[in-house]
Amino acid sequence: MHSGRIPLADVAGGIDLAATLESGQSYLWRREDGDAYAGAVTSDADFETHPWYYAVPDGEVVRVRKTPDALVWESTTDAHDRLVDRLRLDDDLPAIFADAPALELVDDALEAFEGLRLVRDPAFGCLISFICSTQMRVERIHEMVSNLAREYGDAVQFQGETYHTFPTPPQLAATTEGALRDLGLGYRAPYVHRTAEMVADGDAHPDDARGLAYEDARDELTGFVGVGDKVADCILLFSLGYLEAIPLDTWMQTVVADHYPECEKGSYAETSRALRATFGGEYAGYVQTYVFHHLRTA
DNA sequence: AGCCAGGCAAGTG
DNA sequence: CACTTGCATGGC
């Protein structure tokens, strides 16, 4: 077993691990103490109760937990660089928010979840997760993605426990729409299956959007079945590093209506542009993630 | 019982 | 292009 620690002194702006991994951005991490995912955030005062979180990237199990002064990890391999990448520990939060817009809603959200970071998920898992996310509560999305891993991923043993990788495109393409419906995916079952086939057959890959201009990248991703503008923005923000992307979900539509009605332009692309400008442009997606989590946990 | 959940595809006008 | 409709499932 490999293990290590990443001092919080080396993480500019710190990290709120629970908020980061339970705020509905990533469904590829699980909390080890079960299906809690109720948004409960433990305080640093009782850090002994802080749960382990785990993911299984590339067949390697990585467990991580927060202590008052460090992130502590255990893994089947050296996981340091992987954690820095997946949890975006190199993001300098104070620098990113130095020019955040002076809006009451934004100030409140930034203050409430200091240390909330964006994640950098593998593109295929992120793509499938967010196809599953439509018209579904965060807790149930975690459940659906866990079911996919358990049924179709590879089992990996670590410290006497069994973990499962997220399925590869061929593993998901090899199943059937009916089997996916039986897992509780509902009308998303054919979307997941057809998109997995597209990737498995080599017709397209979400990584193909890398390097494109933001709105071109969004259009590229909507070529997958089950991916519209909103889901595309989630993939751009939570996997591909387009920090200006702001997914316009029902919560953000409410934010526009209640706080920034002048941003309502009648179409996703135009309203998105207006809200992006309001949220400061370059890091608008970072701001959006705080606001989303703040509203959802209120 | 009815409404809602991090929407999307397919079909019209 | 804008607009409407159907769509699975589960919790409250």
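Proteins get letters first, then strands, A, B, ... in listed order; numbering begins at 1 in each.
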Evaluate whether the aromatic ring of A:F292 and the six-membered ring of the B:dG6 base sit under 5.5 Å apart, centre to centre, with an inclination under 30°.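 Here A:F292 meets both the 5.5 Å and the 30° conditions.
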Atom-to-atom span, [atom1] of [X] to [atom2] of [N] - whole angstrom:
X      : N      : atom1 : atom2 : answer
A:R140 : C:dA8  : CZ    : C1'   : 8 Å
A:L127 : B:dC8  : CG    : C1'   : 14 Å
A:F224 : B:dG7  : CZ    : C1'   : 18 Å
A:W251 : B:dG7  : CH2   : P     : 11 Å
A:E143 : C:dG11 : CD    : P     : 8 Å
A:I131 : B:dG6  : CD1   : P     : 18 Å
A:E177 : C:dC7  : CD    : P     : 13 Å
A:D229 : C:dA2  : CG    : P     : 11 Å

Heavy atoms only, 4.0 Å cut-off, all strands: where does [X] land among base, sugar-phosphate and nothing?
X      : value
A:Q288 : base
A:G24  : base
A:S23  : base

Of the options [options], whose atoms approach the side-chain atoms of [X] most closely?
X      : options              : answer
A:D249 : B:dG6, B:dA9, C:dT9  : B:dG6
A:R194 : B:dG7, B:dA10, C:dA8 : B:dA10
A:R188 : B:dC4, C:dA8, B:dG7  : C:dA8
A:Y187 : C:dC7, B:dG6, B:dC8  : C:dC7

Between the side chain of [X] and the main-chain N/O of [Y], is any donor-acceptor distance below 3.5 Å?
X      : Y      : answer
A:R150 : A:H164 : no
A:D201 : A:D203 : no
A:R188 : A:T134 : yes
A:T76  : A:V61  : yes

For [N], does either OP1 or OP2 sit under 4.0 Å from a side-chain N or O belonging to [X]?
X      : N     : result
A:Q135 : B:dA5 : no
A:R137 : B:dG6 : no
A:S267 : C:dA2 : no

How far, in whole Å, is [M] from [N] if one measures between their [atom1] atoms?
N     : M      : atom1 : answer
C:dA8 : B:dC4  : C1'   : 13 Å
B:dC3 : C:dC7  : C1'   : 16 Å
B:dA1 : C:dG10 : C1'   : 15 Å

Could you say whether A:T222 or A:C234 is positioned toward the 5' end of DNA chain B, judged by the nucleotide with the nearest heavy atom to each?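 Of the two residues, A:C234 wins.
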Does any donor-acceptor pair link the side chain of A:Y268 with the base of B:dG7 at a separation under 3.5 Å?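 Checked by distance alone, the answer is no.
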Taking atom CG of A:L237 and atom CD1 of A:I246, what is their separation to the nearest 0.5 Å?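 If we round to the nearest 0.5 Å, A:L237:CG and A:I246:CD1 are 9.5 Å apart.
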Give the ring-plane orientation class for A:Y290 versus A:F97, where under 30° counts as parallel, over 60° as perpendicular and anything between as tilted.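 Geometry flag for A:F97 against A:Y290: perpendicular rings.
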